[in-house]
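Just so you know, these numbers use all the heavy atoms, side chains as well, and skip hydrogens, waters and symmetry mates. Residue numbers begin at 1 in each chain, while the letters A, B, ... track the order of the sequences. None of these values were measured; they are calculated from a predicted model.
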Amino acid sequence: MSKELTSRNEDYSQWYNDLVLKGGLADYSAVRGCMVIKPYGYTLWENIRDVLDKMFKDTGHVNAYFPLFIPKSFLSKEADHVEGFAKECAVVTHYRLKNDPEGGGVVVDPEAKLEEELIVRPTSETIIWNTYKNWIQSWRDLPILVNQWANVVRWEMRTRLFLRTAEFLWQEGHTAHATAQEAIEEAEKMLEVYATFAEDYLALPVVRGVKSPNERFAGAIDTYCIEALMQDGKALQAGTSHFLGQNFAKAFDVKFMNKEGREELVWATSWGVSTRLIGALIMAHSDDNGLVLPPRLAPFQVVIIPFISKNPEETAALKDKAEEIKKALKSKGLRVQVDDDETKRPGFKFAEYEMKGYPIRIVIGPRDLANGVVEVARRDTKEKQSISIEGLDVSIENLLKDIQDNMYNKALQYRDQHITLANTWEEFIDILDSKTGFVSAHWDGTPETEDKIKELSKATIRCIPLNNTLEEGKCILTGQLSKQRVLFARAY
RNA sequence: CGGGGUGUAGCGCAGCUCGGUUAGCGCAUCUGGUUUGGGACCAGAGGGUCGCAGGUUCGAAUCCUGCCACCCCGACCA
């Protein structure tokens, strides 16, 4: 099998698919729309999860777990919520199989029909708020700051590895508060956690913003989001947090006694990021040679490849030195792998680890050994240099930092160059078609206009940036008065 | 659900139009040897319900009928 990647220019979608498959992150599965996350991809997810989990705990949250199944009636209690999700729910109708009397293997036992169907959670607001009703009586029970790591199912018509699959892994935070103000602050705080994570770990610059009504989460008062830009100029929502107001408290009758002795409805938030972040990571940084992973999240940060020599003693010395370097780097807390497989040639290994996006490759051959150096190649720029083995641990630590920063800055530069102002409809369309990226333009604020723009241009309002500067202008489509520009883009 | 396409070895494909040896090629796999500073080479070997079911025929991967699955485009989609 050729390991050649489709190039980005040739076919961006195919490049992405090739990368996921050949980079060893995931495979297609026997189930339509569902993927197998392979160990390498799952390690990446674990690294993302571990960092976020710590960030959540540091902001006072605790983990819990709620059921996979939700009674159908729960979903319908919040009108907007059910409307948003009903079309993509998997439904469990029976609880037993039996042998086919006609000999066709097992069939659903019609006798075992559920009294009330269960839906497989597309998100957990309903089951959680049904539970919170029992947890909350007094202002003393608030706030509740709970997160869960879970899988959810959304029966999408069209799926793409990591970006949109029928089943995916995510975390969902669900908090309950005594006041609207506190809930809004929570939603904003968690958005900032996501933004910080994206920038500091994924090396992915994001725009923090608020969704327009059309793009709002089903059941939310306000949806905050972080929006990132991919290398093909399309936007990707990388995370969201929602101020849910009292919608779910009303739907599930969740009230508390306040300090004045009056009953009040509880205020809510929810927030989540998913394995989609892996898709974002891939599309933001990788190149035609394979994945490019940020050092802070890469499953392995360094691979050490000792050359295999004709002389067994020399080979042994090279391997020993490789292990010695590994040990030194590991003692600095780095994730390091040695590849001393004698059956594969160096060139093959180089290509392989480039495909998998290891940030640094260290090669050690007889010449290097004699000179007390190693060849260090960085994945992001593909530059190679000779570095002294003496003090190598510090050099590598610094280089990893540099790679992380460089990846961020490169993505930031691309992003900033792809936020373009448009003042006329012609400009707007032209930017979307040729330059791509975000278009900053005036919009009259109505859902009708937003729909029309989407219909005509395929672009949606990605967000209204937080702390947006107010500026009088005219709607790009209708010419109506507008108070501010919003960010449009074609999106995943 | 509309429009288009594809099902032949683990992967990628040829063969089908016009039925006829033992169904072939590349990659991968296994064995042996030579190699090893950017995806090695030589020799040998293993691996197939030709998507499924039926039909036509002396004979079907190839022709006919039905079914199934998957992919792409669209509709849909925090």
Requested in this report: Would you sort out whether Phe168(A) and Leu163(A) count as a side chain to side chain contact (heavy atoms under 4.5 Å, CB included), showing the intermediate values?
Outcome: CA-CA 9 Å; Phe168(A) 57 91; Leu163(A) 296 176; over 6 Å; no
Report summary line: Scanning both residues in full, the closest heavy-atom pair of Ala166(A) with Cys34(A) reads CB-SG, 4.0 Å
**Report entry** Nucleotide forming a Watson-Crick or wobble pair with rU34(B), both distances under 3.5 Å
**Finding:** rA40(B)
**Report entry** Euclidean distance, atom NZ of residue Lys344(A) to atom P of rG38(B) [Å, nearest integer]
**Finding:** 18 Å
Query raised in the report: When the C1' atoms of rA9(B) and rG48(B) are considered, how many whole Å apart are they?
Result: 5 Å
Query raised in the report: Out of rG37(B), rG38(B), rC77(B), which nucleotide sits closest to the side chain of Val363(A)?
Result: rG37(B)
Query raised in the report: Could one point to a donor on the side chain of Glu375(A) or the base of rG38(B) with an acceptor on the other under 3.5 Å away?
Result: no
Report task. Give the rounded distance in Å between these two atoms: CD of Glu342(A) and P of rA40(B). Result -> 16 Å
Query - Nearest-angstrom distance, P atom, rU21(B) to rU29(B) - result: 33 Å
Report task. Kindly determine whether Thr343(A) and Asp341(A) satisfy side chain to side chain donor-acceptor pair (under 3.5 Å), including the steps that lead there. Result -> CA-CA 6 Å; Thr343(A) 69; Asp341(A) 184 345; 2.7 Å; yes
Query raised in the report: To the side chain of Phe348(A), which of rG37(B), rA75(B), rG39(B) is closest?
Result: rG39(B)
Report task. Please state whether the phosphate of rC76(B), meaning OP1 or OP2, lies under 4.0 angstrom from any side-chain nitrogen or oxygen of Lys454(A). Result -> no
Report task. Look through every strand shown and name the nucleotide pairing with rC25(B) as Watson-Crick or G-U wobble, where both distances are under 3.5 Å. Result -> rG12(B)
Requested in this report: Would you indicate what Glu227(A) reaches in the nucleic acid, counting non-hydrogen atoms under 4.0 angstrom: base, sugar-phosphate, or nothing?
Outcome: nothing
Query raised in the report: How far, in whole Å, is rA23(B) from rU62(B) if one measures between their C1' atoms?
Result: 11 Å
Report task. Assign Tyr224(A) to base, sugar-phosphate, or nothing according to its heavy-atom contacts below 4.0 angstrom with the strands shown. Result -> nothing
Query raised in the report: Quick one: Arg361(A) CZ to rG39(B) C1', roughly how many Å, whole number?
Result: 12 Å
Query raised in the report: Does a distance-only test, which skips hydrogens and angles, find a donor-acceptor pair under 3.5 Å between the side chain of Lys384(A) and the base of rG38(B)?
Result: yes
**Report entry** Quiz item: Arg345(A) side-chain donor-acceptor pair to rG37(B) base, under 3.5 Å
**Finding:** no
Query raised in the report: Tell me: CZ of Phe307(A) to C1' of rU35(B), nearest whole Å?
Result: 13 Å
Query raised in the report: Of the candidate nucleotides rG37(B), rU36(B), rC77(B), which contains the atom at the shortest distance from the side chain of Arg164(A)?
Result: rC77(B)
Query - Spacing of the P atoms in rU31(B) and rA69(B) (rounded, Å) - result: 40 Å
Query raised in the report: Contact class for Arg160(A) vs. all strands (heavy atom < 4.0 Å): base, sugar-phosphate, or nothing?
Result: nothing
Requested in this report: For nucleotides rG15(B) and rA61(B), find the distance between their C1' atoms and express it as a whole number of Å.
Outcome: 8 Å
Query raised in the report: Quick one: Arg379(A) CZ to rG38(B) C1', roughly how many Å, whole number?
Result: 14 Å
Requested in this report: Please state the P separation for the pair rC16(B) and rC30(B) - nearest whole angstrom.
Outcome: 34 Å
Query raised in the report: When the ring centroid of His61(A) is compared with that of Trp271(A), is the distance short of 6.0 Å?
Result: yes
Report summary line: Of rC77(B), rG38(B), rG74(B), the nucleotide closest to the side chain of Glu88(A) is rC77(B)
Report summary line: Tested for ring pair (Phe, Tyr, Trp, His ring centres under 6.0 Å) against Tyr353(A), the lone hit among Phe348(A), Phe300(A), Tyr358(A) is Tyr358(A)
Requested in this report: Check the distance between rA75(B)'s P and Glu455(A)'s CD and give it to me in whole angstrom.
Outcome: 11 Å
Query - Pairing nucleotide - rU62(B), Watson-Crick or G-U, each distance under 3.5 Å - result: none
Requested in this report: Check every strand shown and say whether Trp170(A) touches a base, only sugar-phosphate, or nothing at a heavy-atom separation below 4.0 Å.
Outcome: base
Query raised in the report: Checking Asn247(A) side chain against Gly219(A) main chain: does a donor-acceptor pair fall under 3.5 Å?
Result: yes
Report summary line: Quick note, Pro366(A) side chain, CB onward, closest among rU36(B), rG37(B), rG38(B) is rG37(B)
Requested in this report: Using the C1' atom as the reference point in each nucleotide, state the distance between rA60(B) and rU49(B) in Å, no decimals.
Outcome: 15 Å
Report summary line: 5'-most contact on RNA chain B (nearest-nucleotide basis), Ala218(A) vs Phe350(A), goes to Phe350(A)
Query raised in the report: Should rU17(B) form a Watson-Crick or G-U wobble pair with both distances under 3.5 Å, which nucleotide is its partner?
Result: none
Query - Atom C1', compared across rC13(B) and rU8(B): separation rounded to whole Å - result: 9 Å
Query - Candidate nucleotides rG37(B), rU36(B), rC76(B), ranked by approach to the side chain of Lys310(A) - the nearest - result: rU36(B)
Query raised in the report: For rU57(B), which nucleotide in any strand shown is its Watson-Crick or wobble partner with both distances under 3.5 Å?
Result: none
Requested in this report: Grab the CD-C1' distance between Glu352(A) and rA40(B) for me, whole Å please.
Outcome: 16 Å
Report task. Mark yes or no: Lys356(A) above the aromatic ring of Tyr40(A), with NZ or CZ under 6.0 Å from the six-membered ring centre and no more than 45 degrees from the axis. Result -> yes
**Report entry** Option among Glu383(A), Glu354(A), Glu352(A) that satisfies the salt bridge (Lys or Arg N to Asp or Glu O under 4.0 Å) test with Arg361(A)
**Finding:** Glu354(A)
Query raised in the report: Between Thr240(A) and Ala377(A), which has a closest nucleotide on RNA chain B that is more 5'?
Result: Ala377(A)
Report task. Please determine, for rG2(B), whether a Watson-Crick or G-U wobble partner exists with both distances under 3.5 Å, and give it or none. Result -> rC73(B)
Query raised in the report: Nearest to the side chain of Lys87(A), which nucleotide is it out of rC76(B), rG39(B), rG37(B)?
Result: rC76(B)
Report task. Mind calculating the distance between NZ (Lys22(A)) and P (rA28(B)) to the nearest angstrom? Result -> 13 Å
